[in-house]
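Only one structure is covered here, and it is reproduced in the block below.
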Amino acid sequence: MATLDRIIHCLEYLIHNHSSEIAVHPFDSVLSAMQLESSLFVRMRAHAPWAMSFDSGGQARLIVVAKGRGWFTQVGHPPVVVQEGDCLIIKQGIMGILGDAPDRVAVPCWQIADHVTGETVAFGGDGEACEFFSTLFTFDHAAGEPLSALLPNVVHVAMPESDAGRMLSILEHIGAEEAKASLGGTYVVGRLLDVLFIQAIRTWASSEGNMPGGWLAGLTHRQLAQTLHRIHADLAHPWTLEQLARDAGMSRSTFAALFKSVVGVPPLTYITTWRIYRAKLILAAGHSIAAAAEQTGYGSDIALSRAFKTATSVSPGQWRRERRTSGRNDPGPDRLATLGSTEV
């Protein structure tokens, strides 16, 4: 349990235990607000010939291959090989097939492992084995917009051996926690899922050619990182292009051109986008439109409503009503696209 305790302690430090002198990293704040929750966890042992089809619906899926290899096919895309140590993060609503060959007839996943948690499910024939962990997870889509907008529908991560070992160890811990239903088990599983998600995104982003653009690119850029941290530390501040350029030690034109080339949108568009994102979180927490306006730098609820509708095509009140109707895990009412690397 010492290893598990260290994992939990480190994660709590990364997400929650920042001193008052250190601003929370934007990535940390987004991840914390997402409230990742595992809804189904299962270890599967498939023997060739085998193939499993799935549609995650409103939930995302994490698959980690523990042994052997297989083929993953996203509907409408060519198949790719997945092997020991590989990880797949599959967005909600994506249909796919995982099997020992790309041309197998697939069995729906719900027929194989419906409502199974913390157990090993064996299926297929009597040929070569492939073992993998699969977990469905939910998260608040409004809170997850900034990260989700940067990721492809399927994130394929080829883990280095050392990282793969850690991932599998964490998955074993999750399985043990869910199987024995100990006190605090739900909390522990949630934190371990955070670790898995962070490690998968971190490894994928650091792989050659995968570093996403947008705000993550800005936060790792030598000349822009400090500026973005200042912006995120005080979104309500009446930022101007002149002030941002001066703080970065550049002329207005040089700063504006560099910012847009790296982040994908002009500086003030970026600030507006994140203000609307913050307003969504405030509204989702049950606060008034006036409170959201005050905390995001708008002088009145009218000003916020105008900016909100321009960005999302709906008013704050309508967005909140749609969210209540659809639920926090439904991305339907979240129409904001500028959190990614393209300007709209």
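Leu228 is listed as a side-chain neighbour of Tyr270, based on a closest heavy-atom distance under 4.5 Å. In this structure the side chain of Ile231 reaches within 4.5 angstrom of the side chain of Ile271, judged on heavy atoms. Contact annotation: the side chain of Phe133 approaches that of Leu168 to within less than 4.5 Å [non-hydrogen atoms, C-beta and beyond]. Phe54 has its side chain out of reach of Ile94: every pair of non-hydrogen atoms, C-beta onward, lies at least 4.5 Å apart. Within the 4.5 Å cutoff, the side chain of His229 has heavy atoms near those of the His25 side chain. Using a 4.5 Å cut-off on side-chain heavy atoms (C-beta onward), Pro26 and Leu219 make contact. By the 4.5 Å heavy-atom criterion applied to side chains, Trp215 and Val30 are counted as neighbours. Considering only heavy atoms from C-beta on, Ile201 comes within 4.5 Å of Leu151 through its side chain.
Here the shortest heavy-atom pairing between Phe132 and Ala46 reads CE2-CB, 4.5 Å. Considering all non-hydrogen atoms of both residues, Gly144 and Met34 come closest at CA-CG, 3.5 Å. Closest approach of Leu224 and Phe259 over heavy atoms only: CD1-CA, 3.9 Å. Closest approach of Ala33 to Ala143, counting heavy atoms only: O-CB, 3.3 Å. In plain terms, the two heavy atoms of Lys91 and Pro152 that are nearest each other are CE-O, 3.4 Å. Nearest approach of Leu241 to Pro267, heavy atoms of both residues: CD1-CG, 3.9 Å.
Judged purely by atom type and a 3.5 angstrom limit, Thr220 uses its side chain to pair as donor or acceptor with the backbone of Ala217. Although no hydrogens or angles enter the test, the distance criterion places a donor-acceptor pair under 3.5 Å between the side chain of Ser261 and the main chain of Leu258. Between the side chain of Thr272 and the backbone N or O of Leu268 there is at least one donor-acceptor pair closer than 3.5 Å. Here the side chain of Thr325 pairs a donor or acceptor atom with the backbone of Arg321 at under 3.5 angstrom. Formation of a donor-acceptor pair under 3.5 Å by the His287 side chain with backbone atoms of Ile282 is not found in this model.
Ile97 is not connected to Met52 by any chain of hydrophobic side-chain contacts under 4.5 Å among Ile, Leu, Val, Met, Phe, Trp and Tyr, and they are in different clusters. Hydrophobic clustering (ILVMFWY, side-chain heavy atoms < 4.5 Å, transitive): Ile198 and Leu147 are in one cluster.
Of the N and O atoms on the side chains of Thr254 and Ser251, at least one donor lies less than 3.5 Å from an acceptor on the other residue. Arg61 and Ser134 form a side-chain donor-acceptor contact under 3.5 Å, judged by distance and modelled atom types alone.
Listed by chain and residue number, Arg69, Asp86 satisfy the side chain to side chain contact (heavy atoms under 4.5 Å, CB included) test with Gln83 (two or more places apart in sequence, or in another chain). For His221, there are no ring-ring contact (aromatic ring centres under 6.0 Å, His included) partners, not counting sequence neighbours. Residues satisfying the ring-ring contact (aromatic ring centres under 6.0 Å, His included) criterion with Phe197, sequence neighbours excluded, are Phe137. Every residue meeting the side chain to side chain contact (heavy atoms under 4.5 Å, CB included) condition with His77, not counting sequence neighbours, appears here in chain and number order: Gln74. Contacts of Arg320 classified as side chain to side chain contact (heavy atoms under 4.5 Å, CB included), with partners at least two apart in sequence or in another chain: Leu283, Ile289, Arg324. Applying the ring-ring contact (aromatic ring centres under 6.0 Å, His included) test to His237 and every residue at least two apart in sequence or in another chain returns Trp239. Scored by the salt bridge (Lys or Arg N to Asp or Glu O under 4.0 Å) test, Arg278 finds no partners at all (sequence neighbours excluded).
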If you apply the rule side-chain contact (heavy atoms from CB on, under 4.5 Å), what do you find for Val154 with Leu88, and how did you get there? CA-CA 7 Å; Val154 177; Leu88 296 170; 4.1 Å; yes

Give the intermediate values and the outcome of side-chain contact (heavy atoms from CB on, under 4.5 Å) for residues Met95 and Ile90. CA-CA 9 Å; Met95 294 183 290; Ile90 305 165; over 6 Å; no

I'd like to know whether Arg104 forms a salt bridge (Lys or Arg N to Asp or Glu O under 4.0 Å) with Asp100, so could you lay out the CA-CA distance, the side-chain angles of the two residues, the decisive distance to 0.1 Å, and finally the verdict. CA-CA 8 Å; Arg104 300 291 190 200; Asp100 70 299; 2.9 Å; yes

Can you list the steps and then say if Val65 with Cys130 is a side-chain contact (heavy atoms from CB on, under 4.5 Å)? CA-CA 8 Å; Val65 181; Cys130 175; 4.2 Å; yes

Can Arg45 and Glu131 be said to form a salt bridge (Lys or Arg N to Asp or Glu O under 4.0 Å), step by step? CA-CA 4 Å; Arg45 183 182 297 115; Glu131 294 185 10; 2.9 Å; yes

Show, in sequence, the C-alpha distance, side-chain angles and deciding distance for Thr138 and Leu36, and conclude whether the side-chain contact (heavy atoms from CB on, under 4.5 Å) test is met. CA-CA 6 Å; Thr138 61; Leu36 289 168; over 6 Å; no

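Residue Val81 shares its hydrophobic cluster (ILVMFWY side chains chained together at separations under 4.5 Å) with Trp71. Cluster partners of Val105 are absent, since no Ile, Leu, Val, Met, Phe, Trp or Tyr has side-chain heavy atoms less than 4.5 Å from it.
Within a 6.0 Å radius of CG in Asp103, more than 12 heavy atoms belonging to other residues, nucleotides or ligands are found.
Taking OG1 from Thr273 and CD from Glu145, the interatomic distance works out to 10.0 Å, rounded to the nearest 0.5 Å. A distance of 3.5 Å separates CE of Met167 from CE of Met159, quoted to the nearest 0.5 Å. Taken from CZ in Phe123 to SG in Cys109, the straight-line distance is 9.5 Å, to the nearest 0.5 Å. The CG atom of Leu136 sits 11.5 Å away from the CD atom of Gln92 when rounded to the nearest 0.5 Å. Atom CH2 of residue Trp204 and atom NE2 of residue His156 lie 13.0 Å apart, to the nearest 0.5 angstrom. The distance from atom CD1 of Ile276 to atom CH2 of Trp319, rounded to the nearest 0.5 Å, is 11.0 Å.
A salt bridge (Lys or Arg N to Asp or Glu O under 4.0 Å) check over residues 236-249, counting only residues at least two apart or in different chains, returns the pairs Glu242-Arg252. Residue pairs meeting the salt bridge (Lys or Arg N to Asp or Glu O under 4.0 Å) criterion with at least one member in residues 263-272, sequence neighbours excluded, do not occur.
Taking the six-membered ring for Trp and thresholds of 30 and 60 degrees, Trp274 and Tyr277 have ring planes more than 60 degrees apart, a perpendicular arrangement.
Both cation-pi conditions hold for Arg191 and Tyr187: the charged atom is under 6.0 angstrom from the six-membered ring centre and inside a 45 degree cone around its axis.
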Expected list for residues 294-311: side-chain donor-acceptor pairs under 3.5 angstrom, two or more places apart:
unit_1	atom_1	unit_2	atom_2	d
Thr296	OG1	Ala292	O	2.6
Thr296	OG1	Ala293	O	3.4
Ser300	OG	Ile302	N	3.4
Ser300	OG	Ala303	N	3.2
Ser305	OG	Asp301	O	2.8
Thr310	OG1	Arg306	O	2.9

